[in-house]
> 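The following block contains the structure, expressed as structure tokens.
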Amino acid sequence: MIYIVFVSMLLGSYLPNKPIISIILGFFLIFLIHKNYSKKIVFLSIFLISFFLLRTIIYKINLFTNYGIVVSSKSNYFIFYNGFSKYYVSSLEHSYEVFDIVYIVGKVKDYGFTTYESQFDFNKYLENSFVFKEIESDKVEVILSFPIRMKQIYENHINKFSIEGKTVVSELLFSKSYLKEYDNFINDFSLSYLLCISSLHMFYLNYLLRTILETKIKEGTVDKILIIFDFCFIFLSNFKLSIIRYFIYQLVSYVDKKKKLDLTYIKKIIISLICIGIIDNSYFYSNSFIYNISIPLYFYLISNAISTFKKKNQNIIRMCLLYVLLTFISVILNESFSILTILLVPIFSLIIMIIFILSLLTFLFPFQNIVSFLSKGLLIIFSCVNKVDDKFFISNKNILFIILILTSLFVFIFSSENKRKLYQKFSVFLLIYSFVLCKLPINNYFQSRVYFINVGQGDSILVSHYNTNILIDTGGINSFDISQETLIPFFRKHNIYYLDYVFLSHQDYDHVGGFNSLKENFCIKDYNSNNDFTYININSIEIFNLNPSESNLENEDSLVLYLTLNNTSYLLTGDIPISIEKKIVSKYPKLQIDILKVAHHGSNTSTGEELLDNYEIKTAIISCGRNNYYNHPSTEVIERLEKQHIEIRRTDIEGTIIIKN
């Protein structure tokens, strides 16, 4: 019954957006209810699927009303829920808190935040939270304030610590970042997730409190005290769903003990997830849900295999297998993992738990100096470890890696349960082999691709042709190092360890801003220092410059590169205006162009009708940032392309675009 309810909820939540997952869950549901349960269970399942499907659809319809409640509050925005749909509302230095009832007047519009390759996608985060629109507010009025003002409590308490103490305690205790520069520093570190308050912290804290309290108080009374404590912690953690789920789990465990229901650990986990889903089924799209459902199921699956080992070795085996799972999830979610994390997690977990407990005690005792001292030491260690470049980047589209990891785990479980040591050794070998194999650039020798990398409002194009790697432009943005945070992680995910050649189309920062950093931190065999060439051959790739120049200063002098890979021809136009396009048409009237990189990010000063009329272009690629300052691409350019029936692809909509030759 519990499993069917859970699967029904998942099916209803995922149906509009995840059809493949829905089909799998649907078959699973049919398997469960077939000939085993009454018609009432079938009707219940259909009801739950319909209910959650309807709620998801209503979220998307966006029925706007002015009155609603604040369901999430961050430093520069809040999420407004009016009973039908959720909305993102930008608000700097606001005082609104969760559960405040507000009246809002404004314009409903589509949101759009610029995203970059290999970085956090805030648009996707909002979509997974079932927030599909933004309110550009003219007026926000608080009708009724929630009596507990956590922001005031936060401000009063956090000011008692040093800068380092504020940084750590803010993240660890209140689930907030204190300063942006420290936030970026922490996020760069591979163990940063340890500073996020989670159900693991709550588990150890509850265990410690229970051990202390049960020496003086009866077990039943201790259970009630801990439930009240966990409930209070929901407010402290800024209503973090993982903490709410842990509280519900503790409540279910208490009822189970009281009523003697004999619920298994897995059932209690699933019941707590069902309750969270009833509150808000967007939880099923969060990373927390992936961890909350996969870890307990994983331990359930490997429990018999672990029991075959000697007791003194069981915890070590369990921890090693957990690391394998966490690495696998990290690759699926983040496309990266850190080897150092595996070695240091136990040590850091202990240190952070000590800081966490002492931070809580600062509400009662003056331990602020101790916490600040420990926090400073922790950040120093973070800084030292962060200098070690040990990150492994593996694309989550690497099917071979996924198959090998899952196969190695299956072989280990099977061999352990059947006590076949030879197979156990083979599973360990297969696991190690999967990581080594997936980091060798074997595929690159057999494939030809062109990547239009998503660098926001800028250009960066990678030509990878049978392991010859050529980069045209690097992009550039003032707020962060585009090479370190976007390009290099992207190269590593695709097992690219050097660039044979780098072309810089012209000197605009959005085309060359990342070059110096890339040159310092990545292997570049050669690059062009001027644009006065007409032809170059790089490992049998013939590249023609259709706009040779010596000044290399203005858009008129942009490189215009023409190349053909396996009968697919490309025209890469930099930022050239229409006047240069006309010269190219006049000089090279019979070019075959399959793929056009639209000039100047879709500005109306480029991509003229003469260029489009003269060549039979199949696909136009526009590299630009979402909702950019220049309003690129212009509607005129889009209309010109549509008039010629040319396929339009944009990095601001699709992200990085891959063309397979």
> Could you check whether N156 and Q152, counting side-chain N and O atoms only, form a donor-acceptor pair closer than 3.5 Å?
yes
> Is the shortest heavy-atom distance from the side chain of I355 to the side chain of S375 under 4.5 Å?
yes
> For F401 and V331, which heavy atoms make the closest approach, and how far apart are they?
CE2-CG1, 3.8 Å
> Under the 3.5 angstrom rule, does the side chain of D100 hit a backbone N or O of F146 as a donor-acceptor pair?
yes
> Between S73 and K151, is there a side-chain heavy-atom distance shorter than 4.5 Å?
yes
> In plain terms, say whether E335 and K493 are close enough for a salt bridge, that is, a side-chain N and a carboxylate O under 4.0 Å apart.
yes
> Hey, is CZ on F363 packed in by over 12 heavy atoms from elsewhere, all under 6.0 Å?
yes
> Return yes if some donor-acceptor pair links the side-chain N/O of S330 with the main-chain N/O of L326 below 3.5 Å, else return no.
no
> Please round to the nearest 0.5 Å and tell me the distance separating atom CE of M202 and atom CD1 of I243.
5.5 Å
> Have a look at Y77 and tell me which of F122, Y96, Y111 forms a ring pair (Phe, Tyr, Trp, His ring centres under 6.0 Å) with it.
F122
> Answer whether the closest heavy-atom distance between the side chains of L358 and T362 falls below 4.5 Å.
no
> For K376, is the NZ atom crowded, meaning more than 12 foreign heavy atoms sit under 6.0 Å from it?
no
> Rounded to the nearest 0.5 Å, what separation is found between the CD atom of Q368 and the CD1 atom of I158?
10.5 Å
> State whether the number of non-hydrogen atoms from other residues, nucleotides or ligands found under 6.0 Å of Y204 atom OH is greater than 12.
no
> What distance separates I354 CD1 from S359 OG, expressed to the nearest 0.5 Å?
11.5 Å
> Report yes or no: does S170 contribute a side-chain atom to a donor-acceptor pair with the main-chain N or O of T167 at less than 3.5 Å?
no
> Any salt bridge between K166 and E164, counting N to O under 4.0 Å?
no
> Could you walk me through whether L236 and L173 pass the side-chain contact (heavy atoms from CB on, under 4.5 Å) test, one step at a time?
CA-CA 7 Å; L236 195 65; L173 212 57; 4.0 Å; yes
> For R245 and K240, indicate whether the former's side chain and the latter's backbone hold a donor-acceptor pair under 3.5 Å.
no
> If you define the side chain from C-beta out and look only at heavy atoms, does anything of Y298 sit under 4.5 Å from L409?
yes
> Tell me if the aromatic rings of Y88 and F113 count as close, with their centers under 6.0 Å from one another.
yes
> One pair to check against side chain to side chain donor-acceptor pair (under 3.5 Å): K74 and H94. What are the steps and the verdict?
CA-CA 9 Å; K74 305 296 181 182; H94 66 86; over 6 Å; no
> Under 30°, 30 to 60°, or over 60°: which ring-plane class applies to Y116 and F480, parallel, tilted or perpendicular?
perpendicular
> Does K139 make a cation-pi contact with Y103, if we ask for NZ or CZ under 6.0 Å from the ring centre and within 45° of the axis?
no
> Keeping Y249 on the side-chain end and L273 on the backbone end, is there a donor-acceptor pair under 3.5 Å?
no
> Compare all side-chain heavy atoms of L241 with those of S288 and state whether any distance is below 4.5 angstrom.
no
> Hey, are the side chains of S72 and F78 touching, using non-hydrogen atoms and a 4.5 Å cut-off?
no
> Could you please spell out the steps behind the side-chain contact (heavy atoms from CB on, under 4.5 Å) verdict for F328 and L333?
CA-CA 9 Å; F328 180 73; L333 296 179; over 6 Å; no
> Considering all heavy atoms of both residues, which atom of I227 and which atom of Q250 are nearest to each other, and what is their separation?
CD1-O, 4.3 Å
> Can you see which heavy atom on I58 is nearest to which on S85, and at what distance?
O-OG, 3.0 Å
> Does the distance from a Lys or Arg side-chain N to an Asp or Glu carboxylate O, for K109 and E136, drop under 4.0 Å?
yes
> Test side chain to side chain donor-acceptor pair (under 3.5 Å) on Y246 and S272 and set out the steps.
CA-CA 8 Å; Y246 182 81; S272 65; over 6 Å; no
> How long is the span from the CG atom in L301 to the CD1 atom in I266, to the nearest 0.5 Å?
8.0 Å
> Find out whether I357 and L208 are in side-chain contact, i.e. whether some heavy atom of one side chain is under 4.5 Å from a heavy atom of the other.
yes
> Pairing donors with acceptors under 3.5 angstrom, does anything connect the side chains of Y285 and S13?
no
> Hey, could you give me the OG/CD1 distance between S253 and I248, rounded to the nearest 0.5 Å?
11.5 Å
> Looking only at heavy atoms, which two atoms of I148 and E97 are closest? And how far apart?
O-OE1, 3.8 Å
> Could you check D110 against R626 for salt bridge (Lys or Arg N to Asp or Glu O under 4.0 Å), going step by step and ending with a plain yes or no?
CA-CA 11 Å; D110 293 326; R626 191 180 292 195; over 6 Å; no
> I need the minimum non-hydrogen distance between Y81 and G83, along with the two atoms involved.
OH-O, 3.2 Å
> Give the minimum heavy-atom separation between F64 and N82, together with the two atoms involved.
CA-ND2, 3.5 Å
> Parallel, tilted or perpendicular: which describes the rings of F120 and Y125, with under 30° parallel and over 60° perpendicular?
tilted
> Taking I278's backbone N and O only, do any of them form a donor-acceptor pair with R55's side chain (distance below 3.5 Å, no angle check)?
yes
> Is the F99-F239 ring centre distance short of 6.0 angstrom?
yes
> Can any side-chain N or O of Y59 pair as donor or acceptor with the backbone N or O of L54 at less than 3.5 Å?
no
> Using side-chain contact (heavy atoms from CB on, under 4.5 Å), reason through I61 and F84 one step at a time and then give a plain yes or no.
CA-CA 9 Å; I61 290 174; F84 299 104; over 6 Å; no
> When the ring planes of F132 and F130 are compared, do they come out parallel, tilted or perpendicular, using 30° and 60° as the limits?
parallel
> Does one side chain, of T56 or N281, offer a donor that lies under 3.5 Å from an acceptor on the other?
yes
> A side-chain contact here means heavy atoms from C-beta on lying under 4.5 Å apart; do I270 and I274 qualify?
yes
> Kindly indicate, with the supporting measurements, whether the criterion side-chain contact (heavy atoms from CB on, under 4.5 Å) is fulfilled by F231 and F233.
CA-CA 5 Å; F231 177 74; F233 213 93; over 6 Å; no
> So, taking the atom named CG in N292 and the one named OG in S242, what distance separates them when rounded to the nearest 0.5 Å?
7.0 Å
> Is K267 salt-bridged to D262, cutoff N-O under 4.0 Å?
no
> Using 4.0 Å as the upper bound for N to carboxylate O, is an ion pair formed by E219 and K224?
no
> Taking NZ, NE, NH1 and NH2 as the nitrogens, is one of them in R210 or D223 under 4.0 Å from a carboxylate oxygen of the other?
yes
> Are there over 12 heavy-atom neighbours, none belonging to N369, within less than 6.0 Å of that residue's CG?
no
